[in-house]
Amino acid sequence: MSKRILKKFGVALAFGFLLSACSPKLDWRTVQSPQEDYSALFPGKPEKIERKLPYQNQEIPQTLEAVKIEDDIYSVSTIHLGKDQVALAPKLLEQLQGNLLNRANANFENAVTEDASYQAANRQRLPTKDYFLEFKSTGAIEQSMRVRWITRIVPDNGAWIYQISVLHTAPARVAAKQFFSEEAYSNFFDEFHPE
């Protein structure tokens with residue numbers, strides 16, 4: 001009888017090991033981005049993409065660091081405006097937000113939001129707001145997103161616009177606010193720190 005129990009235990013142990021091997025573990029790591037003036041906690045090693053964003057006859061530098069883990073894409077997008085471009089920040093931010101909200105058939109009045117805060121380099125906690133968006137269905141897949149925008153004016157160095165987001169893609173719709181409140185997502189947002 002003990003051999004039978006031992007065999008069942010061995011099968012259960014092997015099954016548990018195989019299950020843990022099938023789902024990639026989150027490999028949390030702090031990513032320092034000195035060029036973009038922030039540090040963030042990513043659940044894996046992000047890839048970095050740089051491009052120029054055309055805006056009002058100018059080329060605005062934009063950087064995206066992102067990592068895909070199963071059905072989720074964790075990303076930080078950064079736009080840097082030089083000190084002579086700071087006046088562009090409010091309208092550029094409004095356009096970025098509007099484009100994303102329009103894709104979700106939402107606006108600032110009807111979007112699901114939650115008050116939040118982030119910690120600046122001087123350890124001061126500053127208020128912000130998180131948006132929980134559910135995009136139009138394509139039939140085969142459903143997409144939802146948690147997104148946060150932070151704008152920082154830096155004396156003698158212009159302005160930074162950060163977009164911190166997680167995009168979830170799956171066959172079934174999720175209640176975005178409840179879904180993105182899980183610890184794996186909260187860690188990503190809570191541990192983003194502009195320098």
*How far apart are the C-alpha atoms of Ile60 and Gln62, what are their side-chain angles, what is the distance that settles it, and do they pass the side-chain contact (heavy atoms from CB on, under 4.5 Å) test?*
CA-CA 6 Å; Ile60 309 290; Gln62 182 181 35; over 6 Å; no
Check: [X]/[Y] side-chain N/O donor and acceptor closer than 3.5 Å:
X: Ser75; Y: Ser165; value: yes
X: Thr63; Y: Gln35; value: no
X: Arg148; Y: Thr128; value: no
X: Asp71; Y: His168; value: no

*Is the cationic atom of Arg146 (NZ for Lys, CZ for Arg) positioned less than 6.0 Å from the six-membered ring centroid of Phe189 and within 45 degrees of its normal?*
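Checked: cation-pi criterion met.
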*Any sub-3.5 Å donor-acceptor pair from Lys68's side-chain atoms to Glu70's backbone N or O?*
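The answer is yes, because a donor-acceptor pair under 3.5 Å joins these two groups.
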Check whether any side-chain heavy atom of [X] sits under 4.5 Å from a side-chain heavy atom of [Y], and report yes or no.
X: Val174; Y: Glu142; result: no
X: Asp72; Y: Tyr185; result: yes
X: Glu195; Y: Ser39; result: yes
X: Val31; Y: Pro46; result: yes

*Name the orientation class of the two ring planes belonging to Phe188 and Tyr74 (parallel below 30°, tilted from 30 to 60°, perpendicular beyond 60°).*
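Ring orientation of Phe188 relative to Tyr74: perpendicular.
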*asked:* For Phe192 and Tyr38, I'd like to know if the aromatic rings sit close, meaning centre-to-centre distance below 6.0 Å.
replied: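 Between Tyr38 and Phe192, which both carry aromatic rings, the centre distance is below 6.0 Å.
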